Amino acid sequence: MIKPEFLSNEPVIAYKEGPVYEISINRPDKMNALTDAMYGTLIENLKIAEKDKATKVILLRSTGDHFSAGNDLADFLETDFNLESNVVQFLLTMASLTKPIIAVVNGAAVGIGTTMLLHCDLVYAAADVKFSVPFIKLGLTPEGGSSRLLAECCGARKANEWLLTGRNILADEALSSGLVNQVFDDAESCWHGAMDTAQKLAKSSSEVLVASKKLLKGDQVDSVVELIKKEALVFAERLQSDDAKAAFAAFLNR
Ligand SMILES: C/C=C/C(=O)SCCNC(=O)CCNC(=O)[C@H](O)C(C)(C)COP(=O)(O)OP(=O)(O)OC[C@H]1O[C@@H](n2cnc3c(N)ncnc32)[C@H](O)[C@@H]1OP(=O)(O)O
């Protein structure tokens with residue numbers, strides 16, 4: 001079967017494989033940097049997958065050599081950032097999903113390319129993965145709930161270091177700190193491993209998967225939603241700062 005990303009130029013592609021609803025970020029020439037319009041399409045697809053009775057598991061991945069270089073930096077300059085923005089609504093949608101979501105990550109996963117994973121139930125990575133949350137280097141602040149969820153996932157010491165230095169996190173460290181479930185040799189085997197797990201999960205009924213995820217999340221969904229909004233208000237201020245404007249200009253004029 002020819003997978004749809006090989007046939008499509010759309011920057012986000014959705015594809016149903018039985019009970020698995022696969023969403024691919026597909027802008028490989030820009031390292032899958034995310035634009036406002038792409039967040040809009042991601043939200044639409046997540047909502048379709050949530051509503052679709054036949055879908056039991058959502059799989060999130062990217063085409064090409066990188067998961068995502070984060071928010072498109074040119075787009076930051078052209079798009080208003082507020083609580084209604086697609087990027088914030090995307091994070092809120094991710095945080096509120098009731099169906100299990102599995103991520104397949106390879107290459108660079110920068111900024112929101114990492115923070116969105118904190119809302120995924122399982123994260124599988126290829127050995128070449130390179131995570132980073134370099135907000136501080138951009139004059140920005142943590143987003144997507146990462147100011148708390150990264151510490152809850154990997155420990156406060158790791159989270160503080162990663163968020164305050166913005167340094168890269170490679171596969172071994174990501175695995176040992178619990179940022180990912182498993183590391184595979186390459187992107188292809190990672191996708192196969194994730195799809196295999198997705199199909200195993202899908203042997204259970206949707207009701208039991210949703211009820212289990214609800215228990216695993218406990219009462220954190222409401223507080224995470226509030227945290228994402230609180231972080232977004234600070235982030236919106238930081239986007240207007242001279243620090244951020246200088247960092248974006250340095251990247252865009254490099
Ligand atoms: C709420 C959300 C917040 C956030 O997500 S904040 C984080 C935002 N992201 C970033 O700051 C990352 C910016 N990108 C980079 O620093 C570098 O890239 C990398 C270190 C990730 C990789 O560097 P290298 O291997 O040298 O590749 P390259 O030549 O810089 O990029 C290849 C093509 O991809 C485009 N690209 C990469 N990242 C972004 C981005 N974030 N926004 C817009 N375009 C991006 C480039 O421009 C270029 O494209 P062309 O070949 O046409 O010049």
Side-chain angles (χ1 to χ4, degrees), residues 9 11-12 25-43 60 62-95 103 105-120 125-126 128-150 162-170 174 179 187 224-225 227-241 243-254:
N9 290 323
V12 175
I25 303 169
N26 184 41
R27 197 187 177 211
D29 55 325
K30 296 287 178 185
M31 297 180 70
N32 289 314
L34 291 157
T35 63
D36 181 69
M38 288 165 74
Y39 293 118
T41 315
L42 286 167
I43 295 169
L60 180 63
S62 294
T63 62
D65 296 335
H66 302 281
F67 181 64
S68 174
N71 202 99
D72 186 298
L73 292 181
D75 215 51
F76 262 150
L77 296 172
E78 289 158 16
T79 313
D80 279 347
F81 184 102
N82 54 52
L83 294 186
E84 299 311 315
S85 302
N86 279 341
V87 53
V88 179
Q89 292 301 313
F90 165 70
L91 289 164
L92 293 172
T93 305
M94 287 288 287
V105 190
N106 62 307
V110 186
I112 195 168
T114 292
T115 62
M116 72 170 84
L117 305 173
L118 298 169
H119 307 288
C120 295
D128 69 347
V129 77
K130 200 192 281 185
F131 298 96
S132 63
V133 277
F135 307 113
I136 206 148
K137 294 181 180 172
L138 297 164
L140 300 172
T141 43
E143 44 77 358
S146 60
S147 62
R148 193 184 90 209
L149 295 180
L150 203 52
W162 296 343
L163 286 165
L164 292 174
T165 68
R167 73 165 170 83
N168 288 330
I169 306 149
L170 304 184
L179 188 57
V224 169
V225 162
L227 178 62
I228 290 171
K229 291 181 186 168
K230 186 175 145 190
E231 289 174 345
L233 293 176
V234 182
F235 195 95
E237 274 177 30
R238 295 304 315 165
L239 276 174
Q240 302 306 320
S241 69
D243 282 354
K245 286 181 184 156
F248 297 168
F251 177 75
L252 296 169
N253 302 322
R254 75 200 186 288

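Computed from heavy atoms alone, side chains included, the values below leave out hydrogens, waters and symmetry copies. If you're wondering where the values come from, they're calculated on a predicted model, not measured in any experiment. Order of listing sets the numbers, starting from 1, for every ligand and every atom in it.
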Item to check | Heavy-atom closest pair, residues A244 and L140 | outcome: CB-CD2, 4.1 Å
Checklist entry - atom 24 (P) of ligand 1: which protein heavy atom is closest, and how many Å away? => result M31 SD, 4.5 Å
Item to check | Ligand-side contact atoms (ligand 1) for residue partner V110, heavy atom cut-off under 4.0 Å | outcome: 9 (N), 10 (C), 12 (C)
Item to check | Reported CD1-to-CZ distance for the pair I112 and F90, which is rounded to 0.5 angstrom | outcome: 5.5 Å
Checklist entry - Are the side chain of T41 and the backbone N or O of A37 linked by a donor-acceptor pair below 3.5 Å? => result yes
Checklist entry - In terms of atom number and element, which parts of ligand 1 are under 4.0 angstrom from non-hydrogen atoms of L73? => result 8 (C), 11 (O), 13 (C), 40 (C), 41 (N), 42 (N), 43 (C)
Checklist entry - For atom 26 (O) of ligand 1, is the nearest protein heavy atom under 4.0 Å away? => result no
Checklist entry - Would a search of protein heavy atoms around atom 51 (O) of ligand 1 find one under 4.0 Å away? => result no
Checklist entry - Are any side-chain N or O atoms of H66 and backbone N or O atoms of M31, one a donor and one an acceptor, separated by less than 3.5 Å? => result no
Checklist outcome for this item: Among non-hydrogen protein atoms, atom 38 (N) of ligand 1 lies closest to A69 CB, 3.2 Å
Item to check | Under 3.5 Å donor-acceptor, N86 side chain and D36 backbone | outcome: yes
Checklist outcome for this item: ligand 1 to G70, heavy atom cutoff 4.0 Å, flagged ligand atoms 5 (O)
Checklist entry - Against heavy atoms of F76, which atoms of ligand 1 measure under 4.0 Å? => result 1 (C), 2 (C), 3 (C)
Checklist outcome for this item: Going by the 4.0 angstrom heavy-atom rule, the piece of F248 near ligand 1 is neither
Checklist entry - Nearest protein heavy atom to atom 17 (C) of ligand 1, by residue and atom, and its distance? => result F251 CE1, 3.9 Å
Next on the checklist: For atom 40 (C) of ligand 1, what is the closest protein heavy atom, and at what distance to 0.1 Å?
Outcome noted: A33 CB, 3.6 Å
Next on the checklist: If you take the nearest heavy atom of each of D72, V133, L138, T114, which one is closest to atom 6 (S) of ligand 1?
Outcome noted: L138
Checklist entry - Got more than 12 heavy atoms from elsewhere within 6.0 Å of CG, D29? => result yes
Item to check | Close approach of D29 to ligand 1, heavy atoms, under 4.0 angstrom | outcome: yes
Checklist outcome for this item: Heavy-atom closest pair (I169 atom, A174 atom, distance to 0.1 Å) is CG2-N, 3.9 Å
Item to check | Ring-face cation contact, F251 with R254, 6.0 Å cut, 45° max | outcome: yes
Item to check | Where N168 and S132 come nearest, the two heavy atoms and their spacing | outcome: OD1-CB, 3.6 Å
Item to check | ligand 1 N/O within reach of G113 N/O, cut-off under 3.5 Å | outcome: no
Next on the checklist: Looking only at protein heavy atoms, which one is nearest to atom 49 (O) of ligand 1, and what is the separation?
Outcome noted: K30 NZ, 3.4 Å
Checklist entry - What's the shortest heavy-atom distance between L83 and Q89, and which atoms? => result O-NE2, 2.7 Å
Next on the checklist: Determine whether any protein heavy atom is located less than 4.0 Å from atom 20 (C) of ligand 1.
Outcome noted: no
Item to check | Polar side-chain atom of N106 near backbone of V129 as donor-acceptor pair, under 3.5 Å | outcome: no
Next on the checklist: If we set the cut-off at 4.0 Å for heavy atoms, which region of E143 has an atom near ligand 1: side chain, backbone, both, or neither?
Outcome noted: side chain
Checklist entry - Which atoms form the tightest heavy-atom contact between A232 and V88, and what is the distance? => result CB-CG2, 3.9 Å
Checklist entry - Just distances here: any N/O of N71 and N/O of ligand 1 closer than 3.5 Å? => result yes
Checklist entry - Is it true that R254 lies under 4.0 Å from ligand 1, counting heavy atoms only? => result yes
Next on the checklist: Can you name the atoms of ligand 1, numbered from 1 with element, that are less than 4.0 Å from a heavy atom of F235?
Outcome noted: 1 (C), 3 (C)
